[in-house]
Amino acid sequence: PLQQSSDSNDDTEDVSLFDAEEETANRPKKSKIRHPVASFFHLFFRVSAIVVYLLCELFSSSFIACMVTIILLLSCDFWAVKNVTGRLMVGLRWWNHIDEDGKSHWVFESRKVSAQESKTVSEAESRIFWLGLIACPVLWVIFAFSALFSFRVKWLAVVIMGVVLQGANLYGYIRCKVGSRKNLTNMATSYLGKQFLRQNTGDEQTS
């Protein structure tokens with residue numbers, strides 16, 4: 001079963017999706033990587049795009065060739081992470097559909113983990129998934145500021161493409177993991193409140 005959160009009204013409901021992909025539901029929990037191909041391609045395209053961005057000027061004088069290569073890698077990464085690796089590695093998926101009235105709805109799904117199904121979770125895959133999902137967009141943001149302040153204007157469009165595509169997957173999967181926008185806001189508010197109380201408590205103890 002999956003928990004489905006729709007962006008149109010932030011309601012959640014249990015749905016039965018992923019169908020054939022759930023044949024591993026009864027396998028024992030293992031720390032090793034259960035989907036090595038998915039784990040490989042989860043990192044391959046995004047890491048390759050970063051490597052090409054950093055080294056392409058050393059090996060090629062053609063900006064167009066470098067730009068096309070990076071955009072292709074980013075596009076492949078966006079598709080693979082959105083449609084394949086998130087579903088296989090952590091049981092999350094986000095997508096968009098248009099209803100009969102022509103309205104667009106964003107749907108964020110997460111597989112509910114019962115006591116029995118928790119045995120199928122691979123901690124190694126989960127770490128790989130979230131590490132790659134978070135670290136690479138952060139690097140593209142750094143590249144964006146670097147390109148802006150070093151006046152590398154021609155590279156700015158490529159870097160922004162990296163920020164947008166990988167940032168979209170990051171946001172989508174955070175919504176899948178956390179739930180509705182209200183839950184996301186409440187989590188942020190709770191975290192900031194705890195940090196504020198901790199800081200005040202520390203100040204009182206030192207004084």
Side-chain angles (χ1 to χ4, degrees), residues 5-8 17-18 21 33-98 102-110 122 124-178 181 184:
S5 174
S6 175
D7 199 38
S8 57
L17 294 177
F18 297 135
E21 289 85 347
I33 297 174
R34 294 171 49 241
H35 302 95
V37 176
S39 300
F40 172 78
F41 282 105
H42 178 71
L43 297 176
F44 174 75
F45 290 121
R46 53 183 49 215
V47 172
S48 296
I50 291 174
V51 172
V52 171
Y53 174 78
L54 293 174
L55 303 179
C56 65
E57 290 185 333
L58 298 177
F59 299 99
S60 175
S61 59
S62 174
F63 168 74
I64 299 299
C66 295
M67 179 183 69
V68 171
T69 302
I70 294 172
I71 291 177
L72 284 175
L73 289 170
L74 289 172
S75 300
C76 292
D77 170 75
F78 179 81
W79 183 89
V81 173
K82 178 179 179 294
N83 297 297
V84 181
T85 64
R87 172 174 53 83
L88 293 178
M89 297 173 69
V90 290
L92 304 175
R93 182 170 68 177
W94 63 277
W95 52 286
N96 174 268
H97 75 93
I98 298 176
K103 294 182 180 179
S104 178
H105 298 271
W106 291 97
V107 181
F108 304 91
E109 300 172 345
S110 61
S122 171
E125 284 187 354
S126 180
R127 292 192 189 100
I128 291 173
F129 179 84
W130 289 107
L131 178 62
L133 194 71
I134 295 171
C136 292
V138 170
L139 288 176
W140 283 110
V141 170
I142 295 174
F143 294 157
F145 282 105
S146 176
L148 183 63
F149 292 131
S150 61
F151 301 103
R152 300 176 64 193
V153 180
K154 67 179 183 179
W155 287 103
L156 199 55
V158 178
V159 174
I160 290 176
M161 179 76 72
V163 173
V164 171
L165 290 179
Q166 297 196 353
N169 264 328
L170 176 60
Y171 174 77
Y173 281 115
I174 289 177
R175 286 289 306 274
C176 292
K177 186 71 173 179
V178 176
R181 289 180 179 176
L184 191 59

Engineer: Please name the pair of heavy atoms, one in E125 and one in S39, separated by the smallest distance, quoted to 0.1 Å.
Structural biologist: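 Nearest heavy atoms, E125 then S39: CG-OG, 3.8 Å.
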Engineer: Without swapping roles, check the side chain of H35 against the backbone of M89 for a donor-acceptor pair under 3.5 Å.
Structural biologist: no
Engineer: Report all side-chain donor-acceptor pairs from residues 137-162 shorter than 3.5 Å, counting only partners two or more places apart or in another chain.
Structural biologist:
residue: W140; atom: NE1; partner: Q166; partner atom: OE1; Å: 3.4
residue: S150; atom: OG; partner: S146; partner atom: O; Å: 2.5
residue: W155; atom: NE1; partner: E57; partner atom: OE2; Å: 3.0

Engineer: How many angstroms lie between atom SG of C66 and atom CG of L55, to the nearest 0.5 angstrom?
Structural biologist: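 If I round to the nearest 0.5 Å, the distance is 10.0 Å.
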Engineer: Using 0.5 Å steps for rounding, measure from the SG atom of C136 to the CG atom of L131.
Structural biologist: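 Output value for this atom pair is 8.0 Å.
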Engineer: Pairing donors with acceptors under 3.5 angstrom, does anything connect the side chains of W94 and N169?
Structural biologist: yes
Engineer: Which heavy-atom pair separates I70 from A49 by the least distance, and what is that distance?
Structural biologist: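 Looking at all heavy atoms of both residues, the closest pair is CG1-O, 4.2 Å.
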Engineer: Give me the atom names and distance for the closest heavy-atom approach of T85 to A38.
Structural biologist: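 For T85 and A38, the tightest heavy-atom pair comes out as CG2-O, 3.4 Å.
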Engineer: If every non-hydrogen atom of S62 is compared with every non-hydrogen atom of A65, which pair is closest and at what distance?
Structural biologist: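 In terms of heavy atoms, the two residues are closest at OG-N, 3.2 Å.
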Engineer: Could you grab the distance from atom OG of S48 to atom CG of L74, nearest 0.5 Å is fine?
Structural biologist: 10.5 Å
Engineer: Going by the angle between their ring planes, with limits at 30° and 60°, are W130 and Y173 parallel, tilted or perpendicular?
Structural biologist: perpendicular
Engineer: Rounded at 0.5 Å granularity, tell me how far CG in L165 sits from CG in L73.
Structural biologist: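 L165 CG to L73 CG: 11.5 Å, rounded to 0.5 Å.
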Engineer: How far apart are the closest heavy atoms of F108 and G172, and which atoms are they?
Structural biologist: CD2-O, 3.5 Å
Engineer: Quick one: CG on L72 to CG on D77, what's the gap to the nearest 0.5 Å?
Structural biologist: 12.5 Å
Engineer: Give the minimum heavy-atom separation between S126 and V90, together with the two atoms involved.
Structural biologist: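 Between these two residues, the closest heavy atoms are CA-CG1, 4.0 Å.
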Engineer: Do V81 and F41 come close enough that some side-chain heavy atom pair is under 4.5 Å?
Structural biologist: no
Engineer: Knowing that exactly one of R93, R87, R175 qualifies, which makes a side-chain hydrogen bond (donor to acceptor under 3.5 Å, both in side chains) with E109?
Structural biologist: R93
Engineer: Given the rule in the side-chain contact (heavy atoms from CB on, under 4.5 Å) test, do L133 and R46 qualify, once you have shown the distances and angles that lead to the verdict?
Structural biologist: CA-CA 9 Å; L133 194 71; R46 53 183 49 215; 4.3 Å; yes
Engineer: Mind jotting down which residue pairs meet the salt bridge (Lys or Arg N to Asp or Glu O under 4.0 Å) criterion with at least one end in residues 142-151? Sequence neighbours excluded, please.
Structural biologist: none
Engineer: Between CD1 of I134 and CZ of F129, what distance do you get to the nearest 0.5 Å?
Structural biologist: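 The CZ atom of F129 is 9.5 Å from CD1 of I134, to the nearest 0.5 Å.
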